Number of protein chains: 2
Amino acid sequence: MSTPPAEPGPAEPGPADPGKGLATGFASADESPGLLLWQVTNRWQAAQRAALKPYGLTHVQFVLLASLAYLQAEGTPVTQRRLADHAATDPMMTSQVLRTLESRALLTRAPHPHDARARTLTLTQEGATLANTAVAAAEACDAAFFAPLAATTPTFTAALHTLRAP
Amino acid sequence: MSTPPAEPGPAEPGPADPGKGLATGFASADESPGLLLWQVTNRWQAAQRAALKPYGLTHVQFVLLASLAYLQAEGTPVTQRRLADHAATDPMMTSQVLRTLESRALLTRAPHPHDARARTLTLTQEGATLANTAVAAAEACDAAFFAPLAATTPTFTAALHTLRAP
DNA sequence: CAGCAATAGTATGCGCGCATATTAATTACA
DNA sequence: TGTAATTAATATGCGCGCATACTATTGCTG
């Protein structure tokens, strides 16, 4: 409601304007749920970035580390593919980020026992410790970020679930 | 509710596991609103990318183009700063993307009449036409993407508004 | 009007996010 | 059993998204 007239009208053509105005309802980031979604996620990523900075982890690095800790508890060897599926990350990016984490000695990428193509991911002691510590920071960051939603958080989460796999 | 036990328990330590499980409630992308938000936005961006591909525009390029069309209708000269503020885009990225759009002859970046630092952005005829066409495609894409929310869309949009500027 | 903080825009660099394509190994099937 | 289709991982490349730092200009203040 901050922009009263939905149609600007051809009153002011501007300096040597060859065309005219825009023939759309909005698309000005004030109403479109898509643009809002994009902006909010950028804000959330910035918050996560700040929260994880003390641990030297990016958002994706943290997600893969924590997801690996989660999957590792199931016993079966965790491949990059399974980790990428669980974390909903791109396999290509997953491969690259995992090699970064390996170079930091946060995990190992040993050959898979039954599949010569695949690799078995295992957190190192240091990686497991860091994952646990970072999880607390990330969850605290999340809680603060979504606090303004208050009681409507479950509704919002349900909507996101609906949009994740319609 | 897909993962019944909140605590995996120390029943299966796995093969030569030095540490133990993960000491968190979830963080497995099934419950966290942050991770859901991230995944849904990635899906939305992929949808926008596909919808805008026929027009040779990326998501950000489209947003800047459409936002410029919107601001241009107000008469006053549009600077990069004002466009970035309106579109909530990073000024650095805005500068680079605008130069890309200028190289495609979709807009001009003339010197500002009253400020030698700034530049006045103006859509070319081709840019204005493309903006109008692409807006229709992007809005159709948005409508399809958020269709599963049905009547709850306003509630979802309100939540995003709350999270954009708390 | 002299000095200085604020501002518009840009160079550089890193890390996603993903499209495309390739290699090597596994599985499916005739 | 031999060949084809599938799959795990990766090389390459482009476009954000943003942090940091820099130049040039404006405008504020005394």
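Lettering follows sequence order; numbering is per chain, from 1. Side-chain atoms are counted along with the backbone in the values below, which use heavy atoms only and exclude waters and symmetry mates. Computed from a predicted model, the values in this text were never measured in an experiment.
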Donor-acceptor list for residues 102-113 of chain B side chains, cut-off 3.5 Å, not counting sequence neighbours:
residue: B:Glu102; atom: OE1; partner: B:Arg109; partner atom: NE; Å: 3.1
residue: B:Ser103; atom: OG; partner: B:Thr100; partner atom: O; Å: 2.6
residue: B:Arg104; atom: NH1; partner: B:Gly56; partner atom: O; Å: 2.5
residue: B:Thr108; atom: OG1; partner: B:Thr122; partner atom: O; Å: 3.4
residue: B:Arg109; atom: NH1; partner: B:Gln80; partner atom: OE1; Å: 2.8
residue: B:His112; atom: ND1; partner: B:His114; partner atom: N; Å: 3.0
residue: B:His112; atom: ND1; partner: B:Asp115; partner atom: N; Å: 3.1

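- Using a 4.0 Å heavy-atom distance criterion, B:Thr79 is classed as a sugar-phosphate-only contact.
- Of all the heavy atoms in B:Gly127 and B:Leu65, the pair that sits closest is O-CD2, 4.1 Å.
- Between the CZ atom of B:Arg81 and the P atom of D:dG27 there is a distance of 15 Å, given to the nearest Å.
- B:Asp90 pairs by the salt bridge (charged side-chain N to carboxylate O under 4.0 Å, His left out) definition with nothing, not counting sequence neighbours.
- For the residue pair B:Thr94/B:Arg81, the side-chain donor-acceptor check at 3.5 Å is not satisfied.
- Remark: A:Ser95 is in phosphate contact with D:dT10, judged by side-chain N or O atoms under 4.0 Å from OP1 or OP2.
- Residues passing the side-chain contact (heavy atoms from CB on, under 4.5 Å) test with B:Asp142, sequence neighbours excluded: A:Ser32, A:Pro33, B:Trp44, B:Gln48, B:Phe146.
- Listed in residue order, the members of residues 111-119 of chain A having a heavy atom less than 4.0 Å from DNA chain D are A:Arg117, A:Ala118, A:Arg119.
- Nearest-nucleotide positions on DNA chain C for B:Lys53 and B:Trp38 put B:Trp38 closer to the 5' end.
- At a threshold of 4.0 angstrom between heavy atoms, the contacts of B:Gln61 are confined to the sugar-phosphate backbone, with no base atom among them.
- To the nearest 0.5 angstrom, A:Gln61 atom CD is 3.5 Å from A:Thr58 atom OG1.
- When the side-chain nitrogen and oxygen atoms of A:Arg109 are compared with OP1 and OP2 of D:dA9, none of them lie within a distance under 4.0 Å.
- Counting any heavy atom pair closer than 4.0 Å across all strands shown, A:Arg43 reaches no nucleic acid atom.
- Running 5' to 3' along DNA chain C, contacts with non-hydrogen atoms of chain A at under 4.0 Å begin and end at C:dG15 to C:dT26.
- To the nearest angstrom, P of D:dT12 lies 11 Å from CD of A:Gln96.
- Taking atom CD of B:Gln80 as the reference point, atom C1' of D:dT25 lies 15 Å away to the nearest angstrom.
- In terms of the salt bridge (charged side-chain N to carboxylate O under 4.0 Å, His left out) criterion, B:Arg43 has no residue partners (sequence neighbours excluded).
- Rounded to the nearest 0.5 Å, atoms CG (B:Leu64) and OG1 (B:Thr89) are 5.0 Å apart.
- Along DNA chain D, the nucleotide closest to A:Asn42 and the one closest to A:Met92 are compared, and the more 5′ of them pairs with A:Met92.
- Between A:Leu83 and A:Leu98, some side-chain heavy-atom pair lies under the 4.5 Å cut-off.
- Residue contacts shown for B:Arg82 are absent, as no nucleic acid heavy atom lies under 4.0 Å away.
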